[in-house]
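Residue numbering restarts at 1 for every chain, and letters A, B, ... go by the order of the sequence lines.
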Amino acid sequence: MYRVRLFAVRHSRAFEWLYARLESTMVALDPLFARIGYGRIERPIAAIERATKGLLFDCKMCGQCVLSSTGMSCPMNCPKQLRNGPCGGVRPGGYCEVKPQMRCVWVLAWDGAARMKDGSKVRDVQPPVDRRLEGSSSWLRVSREKAAGLREAREASRTTIAKAFPDARAHEPAAAPLATEPAAAIKPGRDQ
Amino acid sequence: MNEDQQLKPEPWLPSYDDPPPGHVSGSRLERVLRSGQFAVTAELNPPDSADPADVFEAARPLAEVADAINATDASGANCHMSSIGICSLLTRAGHGTIYQISCRDRNRIAIQGDVLGAAAMGVRNVLCLTGDGVGVGDQPGAKPVFDLDSLSLLRTIRTMRDEGTFLSGRRITRPPRMFLGAAENPCVPPLDWRPERLAKKVEAGADFIQTNYIFDVPVFERFMARVRDLGLERRVFILAGVGPLASARAARWMRSNVPGIHIPDAVIERIEKSAKPAEEGKRLCIELMQQIREIPGVAGVHVMAYRREHEVSEIVAESGVLKGRVPERRRTPVTKEPVGENAVEPAGIPGK
Ligand code: SF4
């Protein structure tokens, strides 16, 4: 919901704190998740994530969440899906070029980031979205990634993207993931 | 052309030399900028035609004053001849060109392939753009792609150039030698964040910046002050966008219909009050160029004179920004080798 989304950005600092807690919890749970099997919990966790983040941030489940680097303003709500800041068409008053009744997602993002403790992450250059991961759980991806450390991916393309976008890899590991993806995390029909 | 000629192989053989030391591409624009001279680039109005003569005709009024000519990529989401086609033609005729890539129409596979293609054709400058939404163009029913954004595009081409790999990690045997450009719009919101955004573009790989139209010098000066605070003017060449306004009506139309254009009321009034609005628009443009040239950190101007291309050389000459320098260009036609702008040595710059 647009209203709730604006609220979340206004309170970006609180959500940043909440998110940091959530993340460390998820990372701590990695051994448990690994024992149950990431593939098994993928669907249910993704459903919970979709419901929560959908309500709070109008989350589009790109699977590569960068909210903590974008002032808690989801970049996938930008009609151009820009992951790196506003386009040149922002209207007077900070409204969107494409949807004039909506505040520009990136104007909100920079404002939100300014209120955050770690807001400078908005300066990291984010890689393009891996469209295969759409619909999968970003939370699980983060715990997998943090736990997997900096192990190089088997796929050359993932290694190249992680190397080409090092800041994003360090701060938002889901944006440039390296760990092996369970089959359940990949969009049906997109895994060839 | 008779049949005989058509069957002959292409009479030119492109070479693919390494850039001179300290350069990433060796393009004329890069050499002019790195030698500390004030550069001029100009935007070409792409033809709705398949005839190469129309491209050369459109380039003619720009070539004598511009170090490089921008070929827009369906700007405003309106369909015209492609930027890569125009750049290929102009490069073969010895002009410096800037190949514009918008993320709106093509995905990462198409774009990376085109970058190699353009480099092979001799193109040495590329401008990475997000692109206007499809809704403002002549075919609003098209599918907007936006697979990459301008920054991930910059980083992608930089990776191709400097690491010699595609984003897939596959090796490129001869990497594309490209001088990487990006756009910035200093006069539209969020004003406070625009310099930070510029910093991010530099971080992503930009070597030069071309800004959108500057009609509001005080706002631009504030932007540049912040840019200097961040030390960015030492890491990237900034070319400020300028252009003549034809009339007050045209200015108002642009302001409300073209995304990202800020024109202060005072500017429009000045043109409205004048007896000869077009003359006044030209004068204004010249004055803006002279003011902008004095702002520390500005490395050049980018002239966008849509449908007024014939005025460009006069505007540049009268503004005096070139200080008597004549951007070199080849006057000979298309068929001689060596090919590409690398073949041309600008006056006063030692050869590689
Ligand atoms: S104005 Fe903002 S939200 Fe709208 S397309 Fe541009 S960057 Fe995206």
Side-chain angles (χ1 to χ4, degrees), chain A residues 69 71 75-76 78-100 103-111 113-114 119-131 152-168 175-176, chain B residues 103-104 107-108 111 129-136 144-156 158-160 162-163 165-171 182-194 196-205 211-212 255-256 258-262:
Chain A
S69 293
M76 300 315 269
C78 160
K80 300 182 187 173
Q81 303 196 340
L82 304 186
R83 303 275 286 187
N84 280 298
C87 69
V90 185
R91 290 169 191 267
Y95 288 88
C96 170
E97 170 198 321
V98 183
K99 293 186 181 167
R103 296 267 286 149
C104 165
V105 165
W106 276 100
V107 169
L108 296 175
W110 285 92
D111 287 349
S120 62
K121 284 198 285 183
V122 75
R123 291 185 178 82
D124 297 348
V125 183
Q126 298 294 340
V129 183
D130 184 338
R131 314 274 162 183
E152 293 233 322
R154 285 203 200 99
E155 283 171 63
S157 84
R158 302 185 124 205
T159 311
T160 304
I161 290 181
K163 274 197 194 139
F165 297 86
D167 300 333
Chain B
C103 296
R104 178 195 52 235
N107 69 10
R108 62 191 89 174
I111 290 176
L129 301 167
T130 299
D132 304 312
V134 292
V136 296
V145 178
F146 297 113
D147 185 27
L148 304 178
D149 59 30
S150 55
L151 282 104
S152 46
L153 173 59
L154 279 168
R155 189 59 73 78
T156 300
R158 194 181 81 179
T159 304
M160 292 171 72
D162 296 350
E163 309 299 325
T165 61
F166 294 109
L167 267 196
S168 67
R170 259 180 41 237
R171 285 205 57 73
E184 190 45 79
N185 203 350
C187 302
V188 305
L191 291 181
D192 291 346
W193 295 119
R194 288 288 165 189
E196 311 281 338
R197 169 125 165 102
L198 182 73
K200 202 167 163 175
K201 289 197 167 175
V202 175
E203 207 47 61
T211 79
N212 211 317
R255 188 163 70 172
S256 42
V258 185
I261 294 193
H262 163 71

Salt bridge present between Arg123(A) and Glu203(B) (N-O < 4.0 angstrom): no

Side chains of Arg197(B) and Pro86(A) in contact at under 4.5 Å (non-hydrogen atoms): yes

How long is the span from the CG atom in Leu82(A) to the OG atom in Ser150(B), to the nearest 0.5 Å? 7.0 Å

Distance check, rounded to the nearest 0.5 Å: Arg108(B) atom CZ versus Arg131(A) atom CZ? 6.5 Å

How close do Gly169(B) and Thr160(A) get, counting heavy atoms only, and between which atoms? CA-OG1, 2.9 Å

Between Phe165(A) and chain B, which part of the residue has a heavy atom less than 4.5 Å away: side chain, backbone, both or neither? both

For Glu97(A) and Gly133(B), work out which heavy atoms get closest and say how close. OE2-N, 3.1 Å

State, yes or no, whether a side-chain contact exists between Cys87(A) and Asp149(B) at a heavy-atom distance under 4.5 Å. no

Return the CZ to CG distance between Arg158(A) and Leu167(B), rounded to the nearest 0.5 Å. 13.5 Å

Tell me every residue that passes side chain to side chain donor-acceptor pair (under 3.5 Å) with Asp111(A), counting only those two or more places apart in sequence or in another chain. Trp193(B)

Do the non-hydrogen side-chain atoms of Asn84(A) and Lys200(B) ever get within less than 4.5 Å of each other? yes

Out of Gly89(A), Ala168(A), Pro128(A), which one racks up the most heavy-atom pairs below 4.5 Å with chain B? Pro128(A)

Side chain, backbone, both or neither of Asp132(B) within contact of chain A (heavy atoms, under 4.5 Å): both

Using a 4.5 angstrom heavy-atom cutoff, name the option from Leu191(B), Val258(B), Asp147(B) with the most pairs to chain A. Asp147(B)

Using the test side chain to side chain donor-acceptor pair (under 3.5 Å), find all partners of Arg104(B) that sit at least two apart in sequence or belong to another chain. none

Would you check if the side chain of Lys80(A) reaches a backbone N or O of Pro144(B) as a donor-acceptor pair within less than 3.5 Å? no

pair Val125(A)-Lys201(B): side-chain heavy atoms closer than 4.5 Å: no

Taking side chain as everything from C-beta outward and backbone as N, CA, C, O, which of these in Arg194(B) sits under 4.5 Å from a heavy atom of chain A? Side chain, backbone, both or neither. side chain

Please look at Ala204(B) and chain A and tell me whether the side chain, the backbone, both or neither of the residue comes under 4.5 angstrom of a heavy atom of that chain. both

Determine the minimum heavy-atom distance between Thr159(B) and Ala164(A), stating which atoms define it. OG1-CB, 3.4 Å

Of all heavy-atom pairs between Gly88(A) and Val188(B), which one has the smallest distance, and what is that distance? O-CG2, 3.7 Å

Has Gln81(A) got a side-chain atom pairing as donor or acceptor with Phe146(B)'s backbone, closer than 3.5 angstrom? no

